[in-house]
Amino acid sequence: EAQVTQNPRYLITVTGKKLTVTCSQNMNHEYMSWYRQDPGLGLRQIYYSMNVEVTDKGDVPEGYKVSRKEKRNFPLILESPSPNQTSLYFCASSLSTSGGEETQYFGPGTRLLVL
Amino acid sequence: AQSVAQPEDQVNVAEGNPLTVKCTYSVSGNPYLFWYVQYPNRGLQFLLKYITGDNLVKGSYGFEAEFNKSQTSFHLKKPSALVSDSALYFCAVRDYGQNFVFGPGTRLSVLP
C-alpha cells in the first residue's frame, strides 16, 4: 500500500531533550516536506526537500533540523525542544514539484507535547 | 510573499443543500492551487488542484472548485452536501518556488 508513515504518533517529552520524528514514504517520491498544524494557523511548512541531500527552509524552520540521506526517509529533529514546539506535525511527499505531479500525500501526524 | 485566506472559520449547511467554502490567495506569478480535507484524527487528503487550463476543476467525492484570476479566488463547491462531508478543509497555494502555503482552515458542518 502506498503510504507515508510517521513515528511516533504521540510523544510527550521535556524541554531540552533531543528527539527525532521519523518519516518514510514508499512511493519513490522526490519531494518531501514537514508541516506543523496549530489551531487557527493552518499548516505551516517547516522544511522541505527536493531530493536526496537537498533541503531548504520553509516558513517556520527555527528550532528544527532535517536530513535527507535516502530518498524514502526525511526525519525531523528537534535538538532542544521547547514548549512552543508543542504541536501536531505532518510529513508529506509528492512525486515531484512540476508537471502536474505536485499533489502531496500526507502521513497520519505526530502529536508532540513538550513540557 | 504568498498567502492564503479562508475568511470563514466555520460553515454550516443542511444536508442536500449546496455548499461553498471560500479561499482567496496572493501570489506572484501563476498560482498552483489545492484543496485538502482533514477528517478527525487523520492526515490531510487531496481533493483537487488547479495548475492550468479550465477554470472549473472537478475533484474527489463530487467536489469542484472554480479558479477566478481577477478575484484571486479558488472557492470549493459541492452541489449537494452530505453529512459525511463534515470535516476541516484547507486551501493551499504554491508559486514557482517549492514551498507551499496553507490557509487556516474552514470547518464544515453538514447538518442532517
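Protein chains get the first letters and strands the later ones, always in sequence-line order, with residue 1 at the start of each. Since the structure is predicted, the reported quantities are computational estimates derived from the model, not experimental observations.
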Closest approach of G40(A) to P104(B) (non-hydrogen atoms, all atoms of both residues):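 Heavy-atom minimum between the residues: O-CB, 3.5 Å.
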Cluster question for you: counting only ILVMFWY and a side-chain heavy-atom cut-off of under 4.5 Å, with indirect links fine, are [X] and [Y] together?
X      : Y      : answer
V4(B)  : V37(B) : yes
L76(B) : L33(B) : yes
Y61(B) : Y89(B) : yes

Proximity of F46(B) and F106(A) rings by center, below 6.0 Å: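 Judged by ring-centre distance (under 6.0 Å), F46(B) and F106(A) do not meet the cut-off.
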Nearest 0.5 Å please: distance from the [atom1] atom of [X] over to the [atom2] atom of [Y].
X       : Y       : atom1 : atom2 : value
F100(B) : D59(A)  : CZ    : CG    : 12.0 Å
T103(A) : L48(B)  : OG1   : CG    : 9.5 Å
Q45(B)  : Q104(A) : CD    : CD    : 14.5 Å
R42(B)  : F90(A)  : CZ    : CZ    : 10.5 Å

Closest-packed option against chain B by number of heavy-atom pairs under 4.5 Å, given R111(A), Q37(A), K57(A), R44(A):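 Going by pairs under 4.5 Å, I would pick Q37(A).
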More than 12 heavy atoms from other groups under 6.0 Å of [atom1] on [X]:
X       : atom1 : value
F102(B) : CZ    : yes
K22(B)  : NZ    : no
L111(B) : CG    : yes
N84(A)  : CG    : yes

Chain B contact via Y35(A) - side chain, backbone, both or neither, heavy atoms under 4.5 Å: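 The side chain, not the backbone.
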Non-hydrogen side-chain atoms of L43(A) and L44(B) separated by less than 4.5 Å: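 Yes, at least one pair of side-chain atoms sits under 4.5 Å.
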For chain A, the option from G103(B), G105(B), A92(B) that forms the most heavy-atom pairs under 4.5 Å: G103(B)
